[in-house]
Protein chains: 2
Amino acid sequence: MATGLFCCHAVYDGAVTDLTSTGAATTPTKRGRGEKSSATIYDIAKLAGVNPSTVSRALSKPGRVSAKTQKIIEDAAAELNYQVNPFARALPTGRTQTIGLIVADITNPTFFDIIRGAETTGSARDYTLVLAESAESPETEVTAARRLLSTVDGLILASPRMDDDQIRALAADKPVAVINREISGVPCVVPDVNKGISEAVRSLAANGHEKLAYVAGPARSWMTGRRWEGVKAAAEWSKLSAVRLESSKPTVDGGRQVARDVLESGATAVITYNDLLAIGLMQELQAGGMSVPDQISIVGFDDIFGADFTTPALTTVRSPLGECGTRAVTILLDMLQGHEAPGEAVRVETELVVRGSSGRLLA
Amino acid sequence: MATGLFCCHAVYDGAVTDLTSTGAATTPTKRGRGEKSSATIYDIAKLAGVNPSTVSRALSKPGRVSAKTQKIIEDAAAELNYQVNPFARALPTGRTQTIGLIVADITNPTFFDIIRGAETTGSARDYTLVLAESAESPETEVTAARRLLSTVDGLILASPRMDDDQIRALAADKPVAVINREISGVPCVVPDVNKGISEAVRSLAANGHEKLAYVAGPARSWMTGRRWEGVKAAAEWSKLSAVRLESSKPTVDGGRQVARDVLESGATAVITYNDLLAIGLMQELQAGGMSVPDQISIVGFDDIFGADFTTPALTTVRSPLGECGTRAVTILLDMLQGHEAPGEAVRVETELVVRGSSGRLLA
DNA sequence: CAATATTTGGCAACCGGTTGACAAAAGGTG
DNA sequence: CACCTTTTGTCAACCGGTTGCCAAATATTG
C-alpha cells in the first residue's frame, strides 16, 4: 500500500483576499467539530442579502450576474476572507482543477525539470499539479495512474513503463499526455534525440574515436531504444563501430557496475542512456586509474542538475525537459477546454553540451 | 497567483480491488456529464441488499457491523471495483487523509530526503503527502501554508522562512510540525548540529588549520544562525579563529560568488551552510588554480545527493534529513490521533562524513 | 403603452459520502 | 416466558458547493 503520490494545489480564482496574521480575526462560522472553519457561500449570501446560488454564480460564472450584485458579493467575500472549498466544488462537478504527473522516481533529477516546467505552466493557468511516483515498476505505475485518474482532471505520464494498451485505456477515460515516449492515438511530447546524438557522435568521430559503446537504460524505457537507434544510425553514418551494453539500473551505481563491461568492449567513447550512468561510470573508471577524456570519452544524456559537479564536467546531450513538461501541460489544458489533441507527437530539439568529459583520444 | 504546490495521494483503505485492463469492464453507473464514473456506496448497497449507511460503516468503521454483512458488503465492493470518492468523504468530515509539506525549493536536493522520508512514512499509514514550494519567499510561504492548511489534516514546514508568530498562528488552526527550526510551542524536529560540527572542526584542527571561515546561508534561515554558533563555539574550543562570510544565495552559484571573499579572508578551511555552496565554492577555487584540499579544505553541510560527484568528493556534515521527515510525519499523525505533541524539540544526530575535500594543509 | 425578448435571481435537487438518533433484532438473565 | 441489555441496520440530515428550470424584473420594440 505504499504508492507515494504528491500533489500540487490550485488557487482561489475569485475575489481578492487579504491574509491577516492569524487569518481568524473574523471567524464567520464555527463548526461543531472543533476547528474553526472558513466562510461559505451561505455566509456570503446572508451578508450580501442574496441567494447562495447567486453567490456561486458570481464567483464562478463570469457575466451571469449583474455588475452591481457581483460587486456586492465580491465585497462580502473579501470581508469574510472567503475561500472556496475545493472538495465541495469537486463533488458535484468532478472538476478538481488538478492535473496528475507520474514519474518513475522522485529522487531522479531527470524529472526535476519536467516537474518544474509542468508546475509552472499549470499554476499559471490555476491548475494544481499532483505528482506520483511509480518506483520504476510498471505495476505500481498503473495502480498509481488509475488511482490518480479519479482525482485529477488530466494525467501526464513521464517516461511511462507500462504497456501502450494500458496507457490507451487510461486515455480513454480522461485526457492523458505522455512525455518521453510515442504512442499512437495518445498525445505525446518527445525530445527528438537525433540532432543531439548526431552532434555527439560527429564530435567524437572528429576527435579520433573509432569504437563507441552505448550503455542502455531500463528495458521498459521506450527512450532507451530510441537512443540506441540514434547512436547506431549516427555511428554508421560517421563510420564508427557501436556496441550496446546493458546496465542493471539507470543510476550512479548502475554506471559503476557497467565500467568493467565498457573496458572489455574496447570502446574509447561511451554514450550513456542518462547522466547518472555517465557519472557512475566516470567515477569507476577514474578510480581504476583511467583518465577522462584522455583515454576515454564519456557523454551523458539529459544534462541534469549536477552534471557539472564532476571533474571533468560531463559532456551530455541536453533534453529540454522543462519544455517537455510545459508542452504536456499545455496540451492537456487545451484538451480540457475542448481543443483537439495534436495528431502527431510534439518534438522538441536536443543539443550537445560539450564540457570536459569528452575530447581527443590521447594514446 | 503562481504558488506551486504538489501533493501525494493516499490509498483506498477498504476492500481489495482488482484492476482489470480498462477498469471499465463493469461500469456500474454512468453519469450524465460524459465520463463514466465509478461505483458508489449506493450501488454497493443495492447489490448487497442493505442501506447505504451500512455500507459506509462496513467500509470505514471496523466492528460496527456484523461479520456476516461485512463480508457481503466487501464482496459487493470488490465486484463493483469500488473506490471511495475522496472528495465526498472529505466534505462532511473535513478529514482528507492528507498532510502538507512546504519546502523552499523543489529543485534543491536538500529537501529530497525530507520529502522521501515524509512520503514513505505517510503512505505507510495511508496518508498522502501534499508538497508545496515557497520559492524561498516568506510571503509566498505564508500564502501557500494558509491555502494548503484548508486542504490537509496537518502541515509540515521544512526550513520555514516565515516568522515564529505566523507559524504559531498556523499551528493554532491545525497540527503543524517544523523541521530545521525551533519554535517554542510548536513541535519541531531539528538536527543537532553540534556533534557533527565539532567533529568537523576537530578534524580540521588536527590537520593543521588555524583560520576557519563559515559561509552563511539565507538570513531568514534559522539554521544558518545555529550552524554559525556551532562553528564559533567549536572553533573557540579548538583554538581556531573563525570568521563568518555571507553568501548571496544558498546555491552553487552563490558558492562561486563567495570564493573571492573566502580567499581574502585568509582562511585555510571553510565550512559552508550547505553542500551546494561548498560545491560552487570548490569549483571556483579550483578554476582559480587552487588545490583542494592541499591548499584549502572545504566542508559542506547536509550530504545531499551528488555531494560525491565532485572531485575530490565533498567532506560534509550529514544531516539525517530522511529521518527528520519521518519523525515529523510521525509526530503529526500521532497528534491527529489525539496524542500530545512533544514538549521539547526532537533532536536527531549529525555526523561528519569525511571524503576528499578536507585534509592536511600543505603549504 | 402594451407586448415581447432578455437578464437576473431564487428554488430545489444533486454530487457521494458520514453520523446521531432510533427502532428492530438478537442475546442474556431471573 | 417476560424483561432488560446489547448489537445491528435504517432513517434522515448534513457537508458546501453547482446547475437546470422557472419566475420576477428589466430592457427592447412596435
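The structure presented is a predicted model; accordingly, all values stated were derived computationally and were not measured.
- In the interface, the side chain of A:T93 is not paired with the base of C:dC15 through any donor and acceptor atom under 3.5 Å apart.
- Contact annotation for A:Y42: base contact, defined as any heavy-atom pair under 4.0 Å involving a base atom.
- The side chain of A:S60 places no N or O atom within less than 4.0 Å of a non-bridging phosphate oxygen (OP1 or OP2) of D:dG17.
- Between A:Y82 and the options A:L47, A:I44, A:I73, a side-chain contact (heavy atoms from CB on, under 4.5 Å) holds for only A:I44.
- Among the heavy atoms of the strands lying under 4.0 Å from B:V50 are primed sugar atoms or P, OP1, OP2 only; no base atom is included.
- With sequence neighbours left out, the side chain to side chain contact (heavy atoms under 4.5 Å, CB included) criterion links B:A328 to B:I156, B:A177, B:I179, B:V189.
- Spacing between atom CZ of B:R95 and atom C1' of D:dC14 amounts to 15 Å, rounded to whole angstrom units.
- Identified under the salt bridge (charged side-chain N to carboxylate O under 4.0 Å, His left out) test for residues 152-163 of chain A, with sequence neighbours left out: A:E136-A:R161, A:D163-A:R220.
- Looking at B:T69 and B:S66, their side chains do bring a donor and an acceptor atom within 3.5 Å of each other.
- Rounding to the nearest 0.5 Å gives a distance of 10.5 Å between CD of A:E133 and CD1 of B:I115.
- The distance from atom CD1 of B:I73 to atom P of D:dT10 is 8 Å, rounded to the nearest whole Å.
- Between A:R57 atom CZ and D:dT19 atom P there is a gap of 9 Å when expressed in whole angstrom units.
- In this structure, A:N85 places its CG atom 6 Å from P of D:dG17, rounding to the nearest Å.
- Atom CG of A:D43 is separated from atom C1' of D:dG16 by 10 Å (rounded to the nearest Å).
- The distance between atom NZ of A:K46 and atom P of C:dG10, rounded to the nearest whole Å, is 15 Å.
- In this structure, the nucleotide among C:dG10, C:dT18, C:dT19 sitting nearest to the side chain of A:N51 is C:dG10.
- Panel note: side chain A:K174, backbone A:L149; a donor-acceptor pair is recorded below 3.5 Å.
- Nearest nucleotide to the side chain of A:S53, out of C:dG20, C:dT18, C:dC11: C:dC11.
- Across D:dT10, C:dG16, C:dT18, the shortest atom-to-atom separation from the side chain of B:S56 is found for C:dT18.
- Defined by atom type and a distance below 3.5 Å, a donor-acceptor pair is missing between the side-chain atoms of B:S137 and B:S134.
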Check: residues 50-65 of chain B side-chain donor-acceptor pairs under 3.5 Å, at least two apart:
from	atom 1	to	atom 2	distance (Å)
B:N51	OD1	B:S53	N	2.9
B:N51	OD1	B:S53	OG	2.8
B:S60	OG	B:S56	O	2.7

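- Across residues 61-70 of chain B, B:R64, B:V65, B:S66, B:T69 each have a non-hydrogen atom less than 4.0 Å from an atom of DNA chain D (numbered order).
- Considering CG of A:L80 and CG of A:D43, their distance stands at 6.0 Å, rounded to 0.5 Å.
- Distance from the side chain of A:R89 is smallest for D:dG17 among the nucleotides D:dC11, D:dG17, C:dG17.
- To the nearest angstrom, P of C:dG17 lies 12 Å from CZ of B:F87.
- Judged as a side chain to side chain donor-acceptor pair (under 3.5 Å), and not counting sequence neighbours, the contacts of A:D334 are A:R125.
- Atoms CG (A:L59) and P (D:dG17) sit 9 Å apart, rounded to a whole Å.
- Recorded end-axis angle for the helix from C:dC1-D:dG30 to C:dG30-D:dC1 stands at 30°, based on five pairs per end and rounded to 10 degrees.
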